[in-house]
There are 2 protein chains.
Amino acid sequence: MCAASLPDTATFPFETAVVAGVGLIGGSVALGLRQRLLARRVIGYDANPEVLREAQALGVVDEIRTSPGEWLRAADLVVLASPMRTLSPLARDLAPFLSPAALVTDVGSVKSGITAEMEALGVRQFVAGHPMAGSERGGVTHARAALLENAVWVLTPGDHTPLTALSRARTLVEALGAAPVVMPPDAHDALVATISHLPYLASLALTHMVARDERLSLLAAGGFRDLTRVASGDPRMSRDMVVENKAALRGALARFRRQLERLEADLDDPEELLAAAAEGKRTRDSLPVVKRSLLPPKHDLVVAVPDQPNQIGAVTQALGASGVNIKDIEVLAIREEGGALRLGLESPEEVSRAAEILRAEGFEVRGRG
Amino acid sequence: MCAASLPDTATFPFETAVVAGVGLIGGSVALGLRQRLLARRVIGYDANPEVLREAQALGVVDEIRTSPGEWLRAADLVVLASPMRTLSPLARDLAPFLSPAALVTDVGSVKSGITAEMEALGVRQFVAGHPMAGSERGGVTHARAALLENAVWVLTPGDHTPLTALSRARTLVEALGAAPVVMPPDAHDALVATISHLPYLASLALTHMVARDERLSLLAAGGFRDLTRVASGDPRMSRDMVVENKAALRGALARFRRQLERLEADLDDPEELLAAAAEGKRTRDSLPVVKRSLLPPKHDLVVAVPDQPNQIGAVTQALGASGVNIKDIEVLAIREEGGALRLGLESPEEVSRAAEILRAEGFEVRGRG
């Protein structure tokens, strides 16, 4: 399905969309715009001509541009999708050429800065956005429209954002298959500081505590690996993200410190600490399993696996042979060791069916549908 | 294979072993002692008669006792395996009846307190131990000798521990199939404070930050779930562990705070922060994957999975059909979303073979052998 194959008389929500920065997210937006017939033509803009040539060769964009200019006036949709640290300079480069009627949005993971920048530049029809999607693999070669499908896409209108702009942005996000969630920029930034940027710093701090200590890192199994996984992300992207959001992150760090201090004080009050541990467990156990979809596979099955070769294979093969679709899989490693797999399935019925299949194979299972 | 079926003339390293506290670990030790012919008879001692009856019915122990007494004098091996908070009272109950020749050890996860307690009680042949094994499922019904096989088992002799006692304890641990690692009690406690108890408190603190906030917990995907997984452990066991180790834990908390402060200061020095992020990534990526075994499956294969149903099944089935043994599996969720599986395989050869099989099935793979 491709816009180019349609007659010129077809109508599109947007005539000319410009995607500025054609990487994983920008490329996925461009593909979504084309495949879902949301724009008659999609122009890719990027400082790097090689990236643009690749994007064009892959059919991600219809046309390419390497410098800003009068051609931008035709755009009725502009999506800024360059790396975080280049978003503001990009906005300043493009702003002089933008039509006042163009809907402008971005896809950065911090929202206050770019909102203020756009306001200062006088770009009225701007609605900042943050599609909460990503991939371990970056770059336009891994872009795909499906990346954005069912993803939470936060939209953060500022005090002066026209309601019509917000409404257009919301419609666009829905048309791309994602789920818009609207909140003010500072609320968004405080939120990602808490659930993403603070955990990253905490993970980094823990990682540094075992650096250059062979004995510590040898014994750092299970739980420690879980807690430091995010420290394995791209250092530059992670750094840019936390630096851009440093104001909100400082707030989150202060709250984190207070929580730690309270827990430390509770070391002398074991009853209080038990209450805090029980509350923590309740909260953690009620977190939805959100991965690729807004509809979390809450239908979990826990399978005990004996310490024998190829038990993961035995479990997944037994289910696969019966057509059970495993949506998510996790090796449970509570405290030092595992011994169980958590499977995320599609429905309570699938949980029952999988439990039956696995019991017949001699596995011990525990479901929560 | 069972000691009872052997003639009375067979020789055993220990004549009479007592396992005090017959839960998951105590039961597994008892089973190991019996199945590996390390003790002629294994006596289970527990305050709970029901647990003892179950242990006897399951063939975990040969005989059972519910109160301390003269019968203990016959023991040449005593393993204290009750929950952390009852270890010291247990030691005080048993000490008056112990033979001076008996090797005494424990399996608690904090070592300074019990070492001091035993010294005060005059139990000379005591060597504190910590088998770094566990399971999501507790209790004697889940005990099995294999739980301890290939596990790291830290032994922490005190200043006055006789060398012969240490040597006997080391031989016992090896005979049970585990890997002894010797270090002083305070070194052990500092180590577990850093890699286990501090991560637990940090995880609990993060969890509390999203409690009672629906929006935060809805969006708390991927990385946040990883960082808070250990907060889902048993609250009482977790509480007892951190309270018992509070001195070392306070030291670890102080170092953690300094790391966080340094990172917070680096928010104003992006070059420094980038260096810290890069160092963190190097350290995290070099952590061994230790789960159930001392021999980490360092042979990883990363498989990109498209956003389509049953991709986990497709990957594991393709490998299972070809006899590739998947030792570990992890859904990679760097930043918000996944899109890749990490498989832990047995050897670089298995990585190459699996890569070939998966490429033939149309998967994109990246290995590190």
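Labels below follow one simple rule: chain letters A, B, ... track the order of the sequence lines, proteins then strands, and each chain is numbered from 1.
- Side chain of B:R236 to main chain of A:L274: no donor-acceptor pair is present (N/O by atom type, distance under 3.5 Å, no hydrogens or angles).
- When all heavy atoms of B:L204 and A:A276 are compared, the closest pair comes out as CD1-O, 3.7 Å.
- Among A:G323, A:A321, A:A231, the residue with the largest count of heavy-atom pairs under 4.5 Å with chain B is A:A231.
- Nearest approach of A:H208 to B:G280, heavy atoms of both residues: NE2-N, 3.6 Å.
- Side-chain atoms of A:V230 and B:L227, non-hydrogen and from C-beta on, do get closer than 4.5 Å to each other.
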Margin query: Working note: B:V210 + A:T194, criterion side-chain contact (heavy atoms from CB on, under 4.5 Å); need CA distance, chi angles, decisive distance, verdict.
Written below: CA-CA 8 Å; B:V210 304; A:T194 301; 4.3 Å; yes

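- Scanning residues 258-265 of chain B against chain A with a 4.5 Å heavy-atom cutoff picks out B:Q259, B:L260, B:E261, B:R262, B:L263, B:E264, ordered by number.
- With sequence neighbours excluded, the residues satisfying side-chain contact (heavy atoms from CB on, under 4.5 Å) with B:E244 are B:M84, B:V110.
- No other option in B:V242, B:L253, B:V154, B:T207 has as many heavy-atom pairs under 4.5 Å with chain A as B:T207.
- The shortest non-hydrogen separation linking A:A205 to B:F256 is CB-CE1, 3.6 Å.
- Note that CG of B:L273 and NZ of A:K246 are 10.0 Å apart. Values are rounded to the nearest 0.5 Å.
- Remark: B:L249 CG to A:L267 CG distance equals 5.5 Å, nearest 0.5 Å.
- If you take CG on B:L191 and CG on A:D213, they are separated by 7.0 Å, rounding to the nearest 0.5 Å.
- In this structure, the portion of A:V324 lying under 4.5 Å from any heavy atom of chain B is its backbone and not its side chain.
- The pair B:R250-A:D268 meets the salt-bridge criterion, since a charged nitrogen lies less than 4.0 angstrom from a carboxylate oxygen.
- Checking side-chain atoms of B:K281 against main-chain N and O of A:P235 turns up no donor-acceptor pair under 3.5 Å.
- In this structure, chain B has no heavy atom under 4.5 Å from any part of A:E272.
- Not a single donor-acceptor pair under 3.5 Å links the side chain of A:R255 to the backbone N or O of B:M209.
- A donor-acceptor pair shorter than 3.5 Å can be found between the side chains of B:T228 and A:R284.
- Residues A:A211 and B:E279 approach most closely at CB-OE2, 3.7 Å, considering heavy atoms.
- Counting heavy-atom pairs closer than 4.5 Å to chain B, the top residue among A:A187, A:A275, A:P270 is A:P270.
- For the atom pair A:L206 CG and B:T283 OG1, the distance stands at 12.0 Å (nearest 0.5 Å).
- Heavy atoms only, all atoms of each residue included: B:T316 and A:Q317 are closest at O-NE2, 3.4 Å.
- The most heavy-atom pairs under 4.5 Å with chain A, out of B:A252, B:A277, B:G320, come from B:A277.
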